[in-house]
Amino acid sequence: NNDRDFVFFRTSPILRFESSTITACTDWILSNFTLDSGSSMSANNKGFGGGATTTTGSGPGGGTGDSFDSGSGGGHGGAGGVGYNNVASGSACDSISAPIDHGSGGGGGQYCTGSDGGGMVKINVSDILELNGSISVNGADRAGCNDADEGGAGSGGSIWLITDTLRGTGSLTSDGGTASGTNQGGGGAGGRIVAHFNTLEDLDITSSSVTGGPGYASGIGDQGSLGF
């Protein structure tokens, strides 16, 4: 996916975002980091690309393309949803405890392309990581091209937080994309979210979302994984 932009920090600065929006994949090593309540980090739709028509999506869990019906959803934290006529879904992949994969793309259908997976956010903070805003790495929904024989949706990406103290009231989301159309493709699987910390203050990590996207009939993407 050409939109998979990265922002790197390797000089261990103190970084604070106030009323800001960051739309990129990130791989940061910092001493302290604050994302305030008016700020967001989004790597939505910045993962592996969806398949061209009839073609399997990109990535280790790419959804299967189909030349007669709809494509399946991309897999990541679980399997993607099957496409119309039970086209085989993209498989689960990546590490549960140290996720680094981007979300995989959905498979292309007979007439429509698959959609892209979510990106990757990794933040390694030696002291305090304060999260009051939102971080999201959702897979892309499958926008219908002609409401028939659609492509599959992309899977959610990866969020990996490493810190001594994690605190705040923010949110973490890695949801799979939604498939659409008359002969729907499969929904994207949820991604993987992991937080490694010594001290947790206030933040309700268990409310993080790794929901699989809906698709054709039973073609719902699997829920992803949470690790703390």
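Computed over heavy atoms, backbone and side chain alike; hydrogens, waters and symmetry mates excluded.
Take Ser134 and apply the side-chain hydrogen bond (donor to acceptor under 3.5 Å, both in side chains) test, not counting sequence neighbours, and it matches no residue.
Applying the salt bridge (charged side-chain N to carboxylate O under 4.0 Å, His left out) rule to pairs touching residues 97-107 yields nothing, sequence neighbours excluded.
Using a distance-only test at 3.5 Å, with no hydrogens or angles considered, no donor-acceptor pair links the side chain of Asp222 to the main chain of Gly80. Remark: side-chain polar atoms of Asn124 are not paired, donor with acceptor, to backbone N or O of Ile29 under 3.5 angstrom.
Atom CG in Leu129 sits 11.0 Å away from atom OG in Ser31 (nearest 0.5 Å). Rounding to the nearest 0.5 Å places CG of Asn45 at 8.0 Å from OG of Ser115. Taken to the nearest 0.5 Å, the CG atom of Asn132 stands 9.0 Å off from the CZ atom of Arg167.
Ser158 and Arg192 form no side-chain donor-acceptor contact under 3.5 Å, judged by distance and modelled atom types alone. When only modelled atom types and interatomic distance are considered, Thr173 and Asp175 share no side-chain donor-acceptor pair under 3.5 Å. Looking only at atom types and distance, the side chain of Asp164 has a donor-acceptor partner in the side chain of Asn198 under 3.5 Å away.
The side-chain heavy atoms of Glu130 and Asn32, taken from C-beta on, include no pair separated by under 4.5 Å.
Taking each heavy atom of Ser208 and Phe228 in turn, the nearest pair found is OG-CZ, 4.3 Å. Looking at every heavy atom in both residues, Gly119 comes nearest to Cys25 through CA-SG, 3.8 Å.
Both Leu166 and Leu30 belong to a common hydrophobic cluster when Ile, Leu, Val, Met, Phe, Trp and Tyr are linked at side-chain heavy-atom distances under 4.5 angstrom.
At most 12 heavy atoms of other shown residues, nucleotides or ligands fall within 6.0 angstrom of atom CZ in Phe68. Counting heavy-atom neighbours within 6.0 Å of Ile100 CD1, excluding the residue itself, gives a total of 12 or less.
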Practice problem: Go through the steps for Met41 and Leu35 under the test side-chain contact (heavy atoms from CB on, under 4.5 Å), then give the verdict. | Solution: CA-CA 9 Å; Met41 298 178 65; Leu35 189 71; 3.9 Å; yes
